[in-house]
Amino acid sequence: MDMSGPAPFARMNGIGNEIIVADMRGRTDRVSPQAALALAADPATHFDQIMAIHDPRTPGTDHFIEILNQDGSFAQACGNGTRCVVQALAADTGKDAFTFETVAGILNARQHEDGLISVDMGKPRFGWQDIPLAEEFRDTRMIELQVGPIDAPVLHSPSAVSMGNPHAIFWVDEDVWSYALDRFGPLLENHPLFPERANITIAQVTGPDHLTIRTWERGAGLTRACGSAACAAAVAAARTRRTGRSVSLTAPGGQLHVEWREDDHVVLTGAAEWEFAGTFDPATGAWQRDAESAA
Ligand SMILES: N[C@H](CCC[C@H](N)C(=O)O)C(=O)O
């Protein structure tokens with residue numbers, strides 16, 4: 001049955017990462033890039049990512065999840081967005097555990113008694129072709145890339161990690177707010193070394209097994225948090241012996257925890273917050289707020 005016509009959505013956030021959860025269950029259409037661009041352009045619905053919940057495509061999974069960035073591009077992973085999906089589905093179904101299929105693989109997630117949500121983001125990938133990078137690097141813990149004056153680079157020698165989506169983690173010793181990420185982010189996001197672009201994070205070790213991070217996201221720009229970047233930074237910190245495998249992180253929007261388990265799975269834990277509900281046209285992005293959600 002194709003339930004065409006407007007689809008329900010919830011405007012949420014994952015520690016400040018602005019998310020639209022689109023309920024596409026029971027439908028055969030998809031959220032279009034045009035709809036994403038229209039919703040992103042409206043200040044009331046402006047978002048970083050859209051998480052579209054579809055009916056399952058694979059036995060043993062609850063839903064297929066499709067992810068669009070603010071610029072209409074499709075993404076393979078979104079940790080903060082996945083937590084928002086769990087919170088929305090838990091409220092709707094009374095279940096607290098879910099298995100999702102994404103283009104990056106199968107994700108298991110659950111909401112805890114305290115309301116926090118954990119998502120198994122799968123295994124990190126480190127091969128240069130898996131990130132992907134445009135040229136071979138035998139050790140992606142530190143790749144040759146820099147921005148700023150040639151004799152005094154501002155950011156250099158990042159770690160590269162894929163969490164299903166590409167990440168470059170630049171290690172800094174100064175306060176992460178002292179770097180012009182608004183200027184360097186787009187240069188690095190679109191650097192030829194990243195054939196699929198990349199999410200760009202600056203990370204400072206600010207305590208034993210604690211990182212402070214800021215991210216310029218592929219397809220969304222500066223965001224208040226990026227869950228898959230938190231995973232990438234935690235894994236890269238452990239790989240480069242800056243921290244252990246269980247790391248707490250402070251992003252501009254709040255706190256996250258990442259555990260890189262011994263079975264190689266990376267588990268992201270954090271909060272999700274509901275803001276308001278509405279309905280929208282998945283083809284055009286035309287929307288209206290639910291009466292009971294009216295501000
Ligand atoms: N911008 C990312 C997708 C969203 C990631 C982020 N919002 C998260 O929580 O993981 C990309 O294009 O790979």
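Every number for a ligand or one of its atoms is a count from 1 in the order of the listing.
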- Could you list all the side chain to side chain donor-acceptor pair (under 3.5 Å) pairs where at least one residue sits in residues 52-61, not counting sequence neighbours? T58-E101
- Run the salt bridge (charged side-chain N to carboxylate O under 4.0 Å, His left out) check on E18 and R224 step by step: do they pass? CA-CA 8 Å; E18 300 173 347; R224 292 180 50 72; over 6 Å; no
Which pairs of donor and acceptor atoms, one on a side chain in residues 120-135, lie under 3.5 Å apart (sequence neighbours left out)?
unit_1	atom_1	unit_2	atom_2	d
D120	OD1	G122	N	2.8
D120	OD1	H265	ND1	3.0
D120	OD2	H265	ND1	2.7

- Message: Parallel, tilted or perpendicular, judged at 30° and 60°: which one describes the rings of H191 and F194?
- Response: perpendicular
Which atom pairs, donor and acceptor, lie under 3.5 Å between side-chain atoms of residues 148-160 and protein residues at least two apart or in another chain?
unit_1	atom_1	unit_2	atom_2	d
S159	OG	R141	O	2.6
S159	OG	W171	NE1	2.9

- Message: As a test of reading the model: which residues have a non-hydrogen atom less than 4.0 Å away from ligand 1?
- Response: N17, Q49, N69, A75, A77, C78, G79, N80, N165, N199, E217, R218, C226, G227, S228
- Say whether T243 and D209, considering side chains only, have a donor N or O and an acceptor N or O under 3.5 Å apart. no
